[in-house]
Amino acid sequence: MTKNSVVILPGDGIGPEVMGEVAKIIHFLNQNGETDIAIIDDCIGGAAIDKHSVPLADSTLAQCRKADCVLLGAVGGPKWDKVDYNIRPEAGLLKLRKELELFANLRPAIVFDALVGASTLKEEIVRGLDILIVRELTGGVYFGEPRGITDLGNGQRRGVNTQVYTTSEIHRVGRVAFELARKRGKKVTSCEKANVMESGKLWREDITALHAADYADVTLDHMYADNCAMQLLRNPRQFDVIVTDNLFGDILSDEAAMLTGSLGMLPSASLGARDAHGKQPALYEPVHGSAPDIAGQGKANPLAAILSFAMALRYSFDRGDLADALEAAVQSVLNAGTRTADIAEKTSKTVTTAQMGDAVITAFEGALKRKAA
Ligand code: NAD
């Protein structure tokens, strides 16, 4: 078996607690001969400011470049609220994404049967929901030039940001979406505002051309981003993979996430371009933050971090079988009524972060035995 490596950056607040449960799962897989993953522990965010006076040390970045992927908890907290803006904890995360050129952000929105009541939408609309939003992460209006605020000298100021995309930026994120759709429901919905924006018109034309050239086996639909925002609430199950730009993706992925109703359940992945040897930079992290209000109390839900690791198994280690089994284990733990406080219901058994991790490992062991039989 090939020796693999991951860098674990627990970060701050509940980060170390939830990543502790991920490390337990990696040890379990290694002990059972399913994987041979070496864990390199390092720090980011506030923890790195305390240790290195910067939120991401060069030595940490070098480790992240070498490893197969990075697993991150969350950064930030009141302790570092007053540090210089350029070295705030979040700057470490932004630098990591930028340095690894992670241009595709994957945000699944899955409604587990046992948690269908947690959504604010009606059960019949969200039951069985399993969609994936692919957001372009390194281009568009958040990075375009010119940008800035200028003083017009007459008591007025002008704020400018530029929405800009090139064909290669559109094609590389489009490829990620089409490839992922091939492994799922074989349908991509591409969202922009081609009706009012030239960058949207280019996006639509380039995605259409890419589809015709290389992905005709996948169904492609186009949708205006505002309509997509409505359709996500009206009939979210019509979607399989949604691909969109940085700005619309920011909004649509948060909207889709909330269809599932629980922040402690939401995983994410950010992927870069494969090099000539097939190595692809990748960062996996829960969507939630460092939750300082519950940090250190054993209350944090580790499932978002665990489901992020399932994505790592699928995309970085090509072990879709283990990812499926781990997700099935999470599903069965929830079905059994085991819950951390954030997703507790009247009839459920409330457990700590560590107990939830243990319950997932027990169920995972069962799922692996069934797979082997
Ligand atoms: P948050 O996601 O940390 O918390 C929002 C609410 O959800 C809190 O009530 C928290 O207790 C709860 N929550 C979050 N994750 C949970 C989990 N796994 N289990 C149970 N409950 C959970 O967002 P916030 O309060 O706006 O931000 C707190 C800090 O986190 C800030 O410093 C912020 O900058 C940072 N942050 C970091 C990231 C990241 O690292 N990617 C993302 C968002 C916020």
Side-chain angles (χ1 to χ4, degrees), residues 69 97 100-110 129-143 163 165-194 199-200 202-211 214-215 217-225 227-229 231-232 236-260 266-274 280-287 304 307-308 310-312 314-316 320 323:
C69 67
R97 288 177 182 156
L100 297 183
E101 289 184 64
L102 304 171
F103 65 84
N105 181 231
L106 279 47
R107 291 265 297 259
I110 297 170
L129 181 75
D130 179 359
I131 63 179
L132 178 65
I133 301 211
V134 179
R135 165 188 171 193
E136 201 290 326
L137 201 59
T138 52
V141 74
Y142 293 164
F143 296 94
Q163 166 80 340
Y165 273 108
T166 62
T167 297
S168 61
E169 285 175 311
I170 297 167
H171 278 182
R172 68 180 184 173
V173 74
R175 277 191 193 287
V176 170
F178 285 122
E179 302 282 344
L180 290 167
R182 269 190 181 149
K183 295 182 186 162
R184 299 171 41 99
K186 291 198 163 48
K187 182 177 167 192
V188 169
T189 305
S190 171
C191 293
E192 25 55 18
K193 291 279 288 175
S199 59
L202 181 76
W203 183 283
R204 185 174 288 220
E205 288 169 3
D206 284 347
I207 291 282
T208 303
L210 178 67
H211 174 250
D214 291 338
Y215 299 100
D217 56 313
V218 176
T219 303
L220 171 65
D221 285 340
H222 300 278
M223 195 178 271
Y224 297 137
N227 185 26
C228 182
Q231 295 298 330
L232 276 171
R237 281 184 310 214
Q238 70 184 282
F239 298 110
D240 176 29
V241 175
I242 294 173
V243 63
T244 189
D245 73 15
N246 204 344
L247 174 64
F248 297 136
D250 194 358
I251 296 161
L252 294 174
S253 63
D254 269 11
E255 184 189 352
M258 279 304 106
L259 297 175
T260 70
L266 299 169
S268 81
S270 302
L271 307 176
R274 272 187 205 287
Q280 182 174 39
L283 169 69
Y284 300 90
E285 53 182 324
V287 167
L307 291 169
S308 301
M311 294 182 84
R314 183 172 286 122
Y315 300 127
S316 285

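Count residues from 1 along the sequence.
- Taking 4.5 Å as the limit, some side-chain heavy atom of Leu220 sits within range of a side-chain heavy atom of Phe178.
- Leu266 contributes atom CG, which lies 9.5 Å from atom CD1 of Ile110 (distance to the nearest 0.5 angstrom).
- A distance of 6.5 Å separates CD of Gln163 from CZ of Phe248, quoted to the nearest 0.5 Å.
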(request) Assess whether side chain to side chain contact (heavy atoms under 4.5 Å, CB included) is satisfied between Val176 and Leu106, documenting all intermediate values. (result) CA-CA 9 Å; Val176 170; Leu106 279 47; 4.2 Å; yes
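- A donor-acceptor pair shorter than 3.5 Å cannot be found between the side chains of Asp206 and Tyr165.
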(request) Might you work through the side chain to side chain contact (heavy atoms under 4.5 Å, CB included) test for Phe239 and Ile133, ending with a clear yes or no? (result) CA-CA 9 Å; Phe239 298 110; Ile133 301 211; over 6 Å; no
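- Looking at Leu232 and Ile242, their side chains come closer than 4.5 Å, going by heavy atoms from C-beta outward.
- Of all heavy-atom pairs between Cys191 and Trp203, the closest is O-NE1, 4.0 Å.
- Under the 3.5 Å distance criterion, the side-chain polar atoms of Gln280 are matched with a main-chain donor or acceptor of Gly272.
- Distance check: Thr219 OG1 to His211 NE2 gives 6.5 Å after rounding to the nearest 0.5 Å.
- Checked by atom type and distance alone, the side chain of Thr244 never pairs as donor or acceptor with a backbone atom of Arg135 at under 3.5 Å.
- Residues Leu271 and Ala282 come closest through the heavy atom pair CD2-CB, 3.7 Å.
- For the pair Lys186 and Asp240, the salt-bridge criterion is not met [side-chain N within less than 4.0 Å of a carboxylate O].
- Taking the side chain as every heavy atom from C-beta outward, Arg107 and Asp254 approach each other to under 4.5 Å.
- Among all heavy-atom pairs drawn from Tyr284 and Cys69, the shortest one is CE1-CB, 3.7 Å.
- The NE2 atom of His171 sits 9.5 Å away from atom OG1 of Thr166, with the distance rounded to the nearest 0.5 Å.
- Side-chain contact between Glu192 and Asp245 is absent, with no heavy atoms from C-beta onward closer than 4.5 Å.
- Of all non-hydrogen atoms in Asp217 and Asp214, the two that sit nearest each other are OD1-O, 4.3 Å.
- Residues Glu205 and Ile170 are not in side-chain contact: their nearest non-hydrogen atoms beyond the backbone lie 4.5 Å or more apart.
- For Ser308 against Ser268, the heavy-atom pair with the smallest separation is OG-N, 3.5 Å.
- Take Arg314 and apply the salt bridge (Lys or Arg N to Asp or Glu O under 4.0 Å) test, not counting sequence neighbours, and it matches Asp324, Glu327.
- Considering SG of Cys228 and CD of Gln238, their distance stands at 8.0 Å, rounded to 0.5 Å.
- Rounding to the nearest 0.5 Å gives a distance of 8.0 Å between CZ of Arg184 and CG of Leu180.
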(request) Determine, step by step, whether Glu179 and Val241 satisfy the side chain to side chain contact (heavy atoms under 4.5 Å, CB included) criterion, reporting the C-alpha distance in whole Å, the side-chain angles of both residues, the deciding distance to 0.1 Å, and the verdict. (result) CA-CA 10 Å; Glu179 302 282 344; Val241 175; over 6 Å; no
(request) Kindly determine whether His222 and Ile207 satisfy side chain to side chain contact (heavy atoms under 4.5 Å, CB included), including the steps that lead there. (result) CA-CA 9 Å; His222 300 278; Ile207 291 282; 4.3 Å; yes
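- No donor-acceptor distance shorter than 3.5 angstrom exists from the side chain of Glu136 to the backbone of Asn246, with no hydrogens or angles considered.
- Thr138 and Arg172 form a side-chain donor-acceptor contact under 3.5 Å, judged by distance and modelled atom types alone.
- No side-chain donor-acceptor contact under 3.5 Å links Arg175 to the backbone of Leu210.
- Residues Ala304 and Pro286 approach most closely at CB-CB, 3.6 Å, considering heavy atoms.
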